[in-house]
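Worksheet: the structure to be examined is printed underneath.
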Amino acid sequence: MVREWNRILEVCGESNAGELWRHLTTRPDQPPLLGTVSPMKGNQYAAKGGMSRVYHYELTGAARVDYRFNPEYIASQGDKHRVVQIVLVALGSH
């Protein structure tokens, strides 16, 4: 995943990459401040295993990140916290 993150920095710039990071770590269930997020349609993108449906974050025309989240994941130790699962990082035009 580190390689993909470094490519996002190269392709999209520090500002866009930083906003993606802030969005995923603090507000994956809300509209982003930069870029667009939309829910993916289709049964393969439906919520499962306690995770949300898949959301599509379009950083620029050259990059997107698809992700799921659970705002109240309960870890094996019993602590509750937000979890984001990256489904796909796609770089290049699409």
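Here the structure is a predicted model, which means the values were calculated and not measured.
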Legend entry - Short N-O contact, D66 and R64, less than 4.0 angstrom: yes
Inset, instruction - Examine distances only and state if a side-chain atom of S52 and a backbone atom of F69 form a donor-acceptor pair shorter than 3.5 Å. - result: yes
Legend entry - Atom CD of E14 with >12 non-hydrogen neighbours under 6.0 angstrom: no
Inset, instruction - Evaluate whether atom CG of D79 has more than 12 neighbouring non-hydrogen atoms of other residues, nucleotides or ligands under 6.0 angstrom away. - result: yes
Legend entry - Residue pair E19, R22: steps toward the salt bridge (Lys or Arg N to Asp or Glu O under 4.0 Å) verdict: CA-CA 5 Å; E19 182 51 39; R22 281 186 291 283; 3.4 Å; yes
Inset, instruction - Report yes or no: do V54 and L91 belong to one cluster of Ile/Leu/Val/Met/Phe/Trp/Tyr joined by side chain heavy-atom distances under 4.5 Å? - result: no
Legend entry - Straight-line distance of K48 NZ to R68 CZ, nearest 0.5 Å: 5.0 Å
Inset, instruction - Evaluate the side-chain proximity of V84 to Y55: yes if any heavy-atom separation is below 4.5 Å, no if none is. - result: no
Legend entry - Connected via hydrophobic side-chain network under 4.5 Å: M40 and V37: no
Inset, instruction - Compare every heavy atom of M51 with every heavy atom of Q85, then report the nearest pair and how far apart it is. - result: CB-CE, 3.6 Å
Inset, instruction - Determine, using the 4.5 Å side-chain heavy-atom cutoff (strictly less than), whether Y67 and L88 are members of one ILVMFWY cluster. - result: no
Legend entry - Y57 (side chain) donor-acceptor with H23 (main chain) under 3.5 angstrom: no
Legend entry - Under 3.5 Å donor-acceptor, R27 side chain and P31 backbone: yes
Inset, instruction - Flag the pair N70 / E72 as yes when at least one side-chain heavy-atom distance between them is below 4.5 Å, and no otherwise. - result: yes
Inset, instruction - For D29 and R82, run side-chain contact (heavy atoms from CB on, under 4.5 Å): C-alpha distance rounded to whole Å, both residues' side-chain angles, the deciding distance at 0.1 Å, then the answer. - result: CA-CA 10 Å; D29 57 340; R82 180 185 342 250; 4.2 Å; yes
Legend entry - I86 with Y73, same ILVMFWY side-chain cluster at under 4.5 Å: no
Legend entry - Same cluster (ILVMFWY, side-chain, under 4.5 Å), W21 and L59: yes
Legend entry - Test side-chain contact (heavy atoms from CB on, under 4.5 Å) applied to L20 and L34, L9, V89, V65, the passing residue: V65
